[in-house]
Amino acid sequence: MSGYSRSEPLARTAPMEANVRKGVTPASQSHRLPGDGIIDRRLPLQFSFDGKTMTGFAGDTLASALVANGVKLVGRSFKYHRPRGIVTAGSEEPSALVEMRTGARREPNTRATTQELYDGLIANSQNRWPSLRRDFMSINQLFAPIFVAGFYYKTFMWPAKFWESIYEPMIRRAAGLGKSAELPDPDHYDKAWAHCDVLVVGAGPAGLSAALAAGRAGSRVILVEEDTLIGGRLLSDGGEIDGLDAREWLRGAARELVSLPNVRIMTRTALFGVYDGGTYAALERVSDNVAMPDRHQVRQRIWRIVAKRSVVTAGAIERPIVFPGNDRPGVMMASAVRTYVNRFAALPGKRVALFTNNDDGWRTVETIERAGAHIVAVIDPRHEVPAQYQRLVDTYDLRVLAGVVSEVKGGVDGVRSIVVANDKNGLTQRIDTDCLAVSGGWNPNVGLSCFHRGKPTWREDIAAFVPGSAPKGMATAGAANGELSLSACLREGHGAGARAAAECGAAGKPGEASKADDEVYAIAPLWHVKGKGKAFVDFQHDVTASDVTLAQREGFESVEHLKRYTTLGMATDQGKTSNINGLAIMAEATGRTIPETGTTIYRPPYAPVAIGAFAGHHRDENFHATRLTPSHHWAAKQGAVFVDTGLWKRAQWYPRAGEKDWLETVTREVLAVRNGVGFCDVSTLGKVDVRGADAGVFLDRVYINSFSNLAVGKARYGLMLREDGIVYDDGTTSRLAEDHYFLTTTTAKAGPVMQHLEFCRQVLFPELDVQLTSATDQWAQFSIAGPNTRNLLRALADPSEDLTNEGFPFMGAREVKLRGGVTARLFRISFSGEMAFEISVPARYGAAMAENLMIAGKPYGVTPYGTEALGVMRIEKGHVAGPELNGTTTADDLGLGKMMSKKKDFIGRVMAGREALTAPNRQVVVGIKPIDKARRLRSGAHVIPKGAIPGPQTDQGYVTSVCFSPMLDQWIGLGLVERGRERTGEIIRIHDPLRNEDYEAEICSPVFYDPEGVRQRG
Amino acid sequence: MRIACPFCGERENGEFTYLGDASPKRPNFAVDGGESPERVEDAFYDYVYLRDNVAGVMREYWYHGGGCRSWLVAERNTVTHEFISVTAAPGAGAASAVRAGE
Ligand SMILES: [Zn+2]
């Protein structure tokens, strides 16, 4: 459980000590530097990329290992299949997307820059065929005119069927997205909750300062960091803090945080969502750093973190400059170049050109020169060397060119030379280089602060958007807030952490903020260098600057339209490196300012999250809870076939050897009940204990009929309406004592009816003295039916119990003592129309009851029956059930209108009297029998008058429930038919266009069997 | 969203079911005498169907089905999703019944 471990964050910072432990670097790592780096050279790891075996070290990402191995080409682009390399060193990577792992664990579009290297890692490049170097689809580049913005809309409009059969498969093959696994995901995922006072998002200098301040003050702090290590840019750019080397300071900060018991550090955990009421969502990548999770270990875990306050110190993302050829492998963000060199000791190029419009980019000079490589040129459009870097020009004899990069030349292996154009005199100059480091400035990570529809505001001095407002309880600090210098990050982070802690009531002292020298950050915005060749804005979706201007010419000027028309920012990277450039180019094309142009709406997830992580354990048999009846295991032993009824599994029928199909089985079960005795587990019915002096009055208000006048020891069928007059539910309710009723509901409505009854009790009628207890799971209930029921029960019940017709009449209900001493509740009610009882025993006796029913009923050939036989018998008796209580029927529609009391108010009474609900032409429940006795009736078939043409005008209802009736020896059904009760005996037409059936049937009484009800009273 | 149930404390919204506007009062339908049938029908029509669609603070019914099974009346801002107050329905909890008129 890495998220819980207290010692682990330190362990994870441990590789920082590893730079002193020098091992032997295998020859394949041609671009591995001998010097510093936060990798463990004692732990070499082997991996494979496109089938080629390479090595790296513990602490590497896949991207840094590829850089160390001199690999530049890592994939082909989505639309044009252009060769692509590694652009960044972080989670914003738009380009180096690979297919990780194989078989069932294959995952496309994995960012090589965040994938930790492990021994045996297998990765493959995407979107190439037959091989990365020779890609036949790169011919797409020649067809570029059809692949411009809006091509989906323009080219493939008509005819529609061509879309499915031709266009889409063709585009899918040509415009790849990688291939996902086609097998079920073998991994486990988890969901967990965490609670804290202060949540700190991002463990760079600002986040560490915030966590230290809040932690020292005594708040419960959670610090989440998506990287494997804490430190943020300190790991790459170093610096001096409190007079210490940044890495030394970082070790101290880590030690102090780990020593605070109220601080929890969660690395490999990316915050991706901000929700109402201080709820945050984060994804912890628990075992993506190994080939396969350990047994019982999860792959990923979603954390829902509830925090009183949050401090977002998520840093900033360096943005590219849009110029022709800017997607060539070897063109890399300047900050990423520094990360690969300083953190991973991997050299992206030996002759590096630097193209920067801001001071920060200039840091790259020292990194490269100190690594033993060479800066061949610094291209800065500002025509002036920043004062603080003037010394570098002299130290390294730098060639500084005022101008812009207007062209990039090279092959699939990357950049070989660039063309620099002086924008003032128009002169151009070619420079040979194997790596072009680019910095267009920094975009603060405003996403999290904008998730509640917050609008970022534009800051001219840094040419970037900063948070305008933040969701309640959130503060932003450091680079995420537009404060890009190390000193400001330390100061702001500390302040925000201390404030958040104080707002949470922490009384301790936050200590002093750490200090660093102030740095100057100056920038002259440069968005787009015009020239020949494609200049990319969105690398992942292959959106170019000319796509943006085309969108503008075609009227898609709003940023939301721009996004959808060009698909800018709609790839898995969500435009982290491209959105601002895209809207800056749009602003330029429309003559508006960038803030006038505005940003699109920010929505979670901030980073891609696997569907499996959202599902967690809720998949396959755990997709929802499974409820088993008390006799389930007994029934399974009898060979029962089960059916899902909501969450329940119910025995549907009990097949016997030699029976050719379910119908034969069900028919046998029905005949066994009607001629002898059978039993069925009906424990799934909802059961509610209703107690209190006003229990009867309460039931009078929720049922259409009266219960206050029900005698103790009696049961009664009840019908409930919704307040709008439509039937809600039915069931029998028994009066066990003056102030105690036992109410049953249908299986499906058990939960909703309980909620409804509680609403009536707590909200509508709080003056009544009544209490409700759900007892569904407390009682095992069996229906015992058939002429031999009484004989069977006599063998079960204590001999003192009078079960005669006089001693226990129809609709009687009372407790009885069973042989052996268990007290049961016995109800003489019948759903089957036979002489029947329902017996309730505490649920723990359910299985024993089933066994005992078999023993006691043996002399009478007792037969367990399932829900299907139950259904057959209820249709034969014309009892309504789910298909008739369908949310559109009234009591009268069901033939139960006479039950509606006129002497009292009840839920639904007034609205049930509305004109439309009492109209004479309503569809009401009738019986339906096909004229041809061999004909199988099917539910859902339409009822139309004989001789009429089928259609909406002639439709008069439909068949709701059907069964094969063993008693009538033919298929019969119930239906809802217009004016049905007046039409008994009428021949109608059954029209079933879905199954292409059309035949005649007779409308009859819904009570097909024993219409006088003699059998159940016997 | 987090809802502070007066019985269970602050809980995640997945434990609750939303019913809607808590302002309509169920009309009293007197069996003997009282309102004329038309008036009663109009009153019930209002009660069952007519709701204000408030952009702002609104009183709502929430049911803590995943907890104490209490019906709650919450004041919530429908624009910000902020809960201003959460109180128990008059008959919620295991306390003795509220007598009419109390
Ligand atoms: Zn509660």
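Predicted model only: the values in this text are computed from it and were never measured. Throughout, a chain's letter reflects where its sequence line sits, starting with A, and its residues are numbered from 1.
A/D777 has a carboxylate O that lies under 4.0 Å from a charged side-chain N of A/R627, or vice versa, which qualifies the two as a salt bridge.
With chain A as the partner, the residue from B/E82, B/R26, B/K25 showing the most heavy-atom pairs under 4.5 Å is B/R26.
The six-membered or imidazole ring of A/F614 lies near that of A/F272, with a centre-to-centre distance under 6.0 Å.
Side chain to side chain, A/T890 and A/D893 meet the donor-acceptor criterion of an N or O pair below 3.5 Å. For the 3.5 Å distance criterion, the side chains of A/S901 and A/N705 fail to qualify, holding no donor opposite an acceptor. Residues A/E284 and A/W303 have side chains that bring a donor and an acceptor to within less than 3.5 angstrom of each other.
Residues in residues 40-56 of chain B take part in these side chain to side chain donor-acceptor pair (under 3.5 Å) pairs, two or more places apart or across chains: A/R914-B/Y49.
For A/Y728, the ring-ring contact (aromatic ring centres under 6.0 Å, His included) partners at least two apart in sequence or on another chain are A/H756. With sequence neighbours excluded, no residue forms a salt bridge (charged side-chain N to carboxylate O under 4.0 Å, His left out) with A/K749.
Heavy atoms of A/R453 lying under 4.5 Å from chain B are absent altogether. With a 4.5 Å cut-off on non-hydrogen atoms, B/Y63 touches chain A through its side chain but not through its backbone. For A/Y275, no part sits under 4.5 Å from any heavy atom of chain B, backbone or side chain.
For residues 9-22 of chain B, the interface with chain A (any heavy-atom pair closer than 4.5 Å) comprises B/E10, B/E12, B/T17, B/L19, sorted by residue number.
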